[in-house]
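Got a structure for you, written out below as structure tokens; questions coming shortly.
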Protein chains: 2
Amino acid sequence: MRHLTSLRYIEAVAKSGSIRRAAESLAINSTALNRRILAVEADLGVPIFERLPRGVRLSAAGEILLQHIRDQLGDMDRVKGLIADLSGERRGHVSIACSQALLPYFLPEQISLYRRAHPGVTFGVHVRDRDEAEQSLISREADIALVFEPVRMSDLELLLAVRQRIEAVLHPDHPLAAKKTLRLRECLSFPIALPTAPYGVRHLLENATRRSSLKLTPVVESDSFEFLYRHALEEKIVTLQIPLGLPPGDTPALVRRSIDTRDVPDGMVYVGQLKGRILPVAASRFCAQIMSAFAERYECI
Amino acid sequence: MRHLTSLRYIEAVAKSGSIRRAAESLAINSTALNRRILAVEADLGVPIFERLPRGVRLSAAGEILLQHIRDQLGDMDRVKGLIADLSGERRGHVSIACSQALLPYFLPEQISLYRRAHPGVTFGVHVRDRDEAEQSLISREADIALVFEPVRMSDLELLLAVRQRIEAVLHPDHPLAAKKTLRLRECLSFPIALPTAPYGVRHLLENATRRSSLKLTPVVESDSFEFLYRHALEEKIVTLQIPLGLPPGDTPALVRRSIDTRDVPDGMVYVGQLKGRILPVAASRFCAQIMSAFAERYECI
DNA sequence: CAAACCGCTGCAAAAATTGCATCACACTAA
DNA sequence: TTAGTGTGATGCAATTTTTGCAGCGGTTTG
């Protein structure tokens, strides 16, 4: 859609903070870009950018305009989806901001399932923590956010909350593998590997141990769930994870045991979108699919 | 805003149903207009218009796009208002679709009051019946609708309902002028002038007399409230009107007497906007003003 | 003080838009 | 049937707009 070019350009300038740099990334001459901005400002009667010695910054009017621009760009995508929809072929792009736990099993499975039915739809998966996820929704980088506890975002419209009981991941030979459910104290008496990030599982554990004599003394810390999980199996130490991040069902190479909820309360994975936004068709349908997948497998609210 | 030109053009073509005719009204060559449309269609991959022997008509995709176009145009107005707002000067345009009764006193008073505070704001007042008012909201011709009973519009977002007791308008010498409140039967025993339209006051009266022995036999009918009112005073016959359509307070040349509510129930004037739309600043503020004016003078819900 | 960026402007080249004349088609009226 | 009228589409030239280059004036940085 050609008529949105100037708007896209403005967005790029706002993001990069410099006309010349934005021009480079847009594969256009900085002069042309500069003139487009001047034209819009003349049209509007107000400067969109403040000129600083090292570049530009959005003015108050620019902030308002940028909000409008993002709405328009997003809405145009949505309209394109609607139109593609009624001409039979389903096209579109779905962009997801999610936490790490969804990466290894859940999203690959769901996306390939969706793409089997609608090969024309493309996907973008971006690993984001909660605040970054919210920013991604606001800037329209992402259509859907899938984030773990705790959530308190003002611009997030909650669509579903999925209850996730913390589970210990063990090598089959690990002594704890014999028991059915584990107490946190038992786990912590063995060498343990934990995620670093102050979010998600680690956040729940910190909360759980704050008022007890238990101490979190991980022998391995990492911000990669993938690494923790592989390492736990290799070295036969314990790690903790939510079910969504683990292979579905039982596998011979890996044992999963729930942690008693008296020790660690269940966490929640939240599905959400930008408040007030109407999602493009593809995103909306995919969202419906994963929500029903969640509802089928886990307790949801 | 230049980038919306094509969208405005498409809207004009959709309205006029012919590229050539739209081109004329847009003061542009039909070739250029035609090509703009072709360009958008190529861009979108789908025809926006069906080509008929006598012109064009929106396709299904076109309907979707038009909806989007109207949203965008409206939103751009809103953004302009917001931006003008923070640069100090209040500019903007407020377009109102309303029933006749608001024309003689209420709107002139309110608009001039508002314009005294904000001379930069311009107004458009369009007389519309209920269905037309709804269409005006949808097409963004109007920002606000002020309509009389009965209302059952799916796209209207109700902001306020103003109770209006039906009143008889009399010459001071009229025999009924001596009484404080009137029964409908008394009024109908004198020559009476009534509005024609099946809406508003007439609708209430028809409902009221349907199940009684009373009969509406107006000696004068007109779709102009102005005429009815002038004529009633001239020929000294009775006419019925809602308070909003009458001069505020008592005047020596005219007597107002309420009709007993046992005979005719109170009507309602509704203030509304398009569902889900965020009004431009000027419209939003003016709306707040008239709503408080209503609330001050009449019983509102 | 020089170098590195920055946004901005004059000017010419390039690209897009527009207008004119005209075509093909469908309907209407004689 | 036939001539006439109104429709959207297209080739081509004129016009307008956009773009890119070179260079200016300013500020920060080393």
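Only a predicted model underlies this, so the values are computations on that prediction, with no experimental measurement involved. Sequence lines set the chain letters: A, B, ... in the order given, protein chains first and strands last, and positions in each chain run from 1.
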Task: Check: B:Phe148 ring centroid to B:Tyr270 ring centroid under 6.0 Å - done: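 No: the rings miss the under 6.0 Å criterion.
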TODO: List the steps and the verdict of side chain to side chain donor-acceptor pair (under 3.5 Å) for A:Ser6 and B:His3.
DONE: CA-CA 8 Å; A:Ser6 285; B:His3 70 280; over 6 Å; no
- [ ] Take atom CD1 of B:Ile19 and atom P of C:dT18, then tell me their distance rounded to the nearest Å.
- [x]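 Going from B:Ile19 (CD1) to C:dT18 (P), I get 14 Å.
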TODO: Check whether any side-chain N or O of A:Ser18 sits under 4.0 Å from OP1 or OP2 of C:dC5, and answer yes or no.
DONE: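 Answer is no, no contact under 4.0 Å.
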Open item on the list: From NE2 of B:His3 over to P of C:dT17, roughly how many Å is that when rounded to an integer?
Closed with: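 So the NE2-P distance, B:His3 to C:dT17, works out to 15 Å.
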Task: Under 3.5 Å donor-acceptor, A:Glu41 side chain and A:Gly45 backbone - done: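 Not at all, since once roles are kept as given, no pair shorter than 3.5 Å links the two residues.
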Open item on the list: Contact list please: residues 24-60 of chain B against DNA chain C, heavy atoms, distance less than 4.0 Å, in numerical order.
Closed with: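 Nucleic-acid contacts, sorted: B:Ile28, B:Asn29, B:Thr31, B:Ala32, B:Arg35, B:Arg36, B:Pro53.
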TODO: Considering only NZ, NE, NH1 and NH2 on the basic side and carboxylate oxygens on the acidic side, decide whether A:Arg285 and A:Asp85 come within less than 4.0 Å.
DONE: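 Here A:Arg285 pairs with A:Asp85 in a salt bridge, since their nearest N and O are under 4.0 Å apart.
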- [ ] Kindly check if the number of other-residue, nucleotide or ligand heavy atoms within 6.0 Å of NZ (A:Lys275) is above 12?
- [x]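 Counting neighbours around NZ of A:Lys275, more than 12 heavy atoms of other residues, nucleotides or ligands fall under 6.0 Å, so yes.
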Task: Neighbour count >12 (heavy atoms, 6.0 Å) for atom CD, B:Glu24 - done: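 For B:Glu24, atom CD is not crowded (no more than 12 foreign heavy atoms under 6.0 Å).
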Open item on the list: Looking at the base of D:dG6, is there any donor atom on it, or on the side chain of B:Arg20, that sits under 3.5 Å from an acceptor on the other one?
Closed with: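 Flag unset: no donor-acceptor pair detected.
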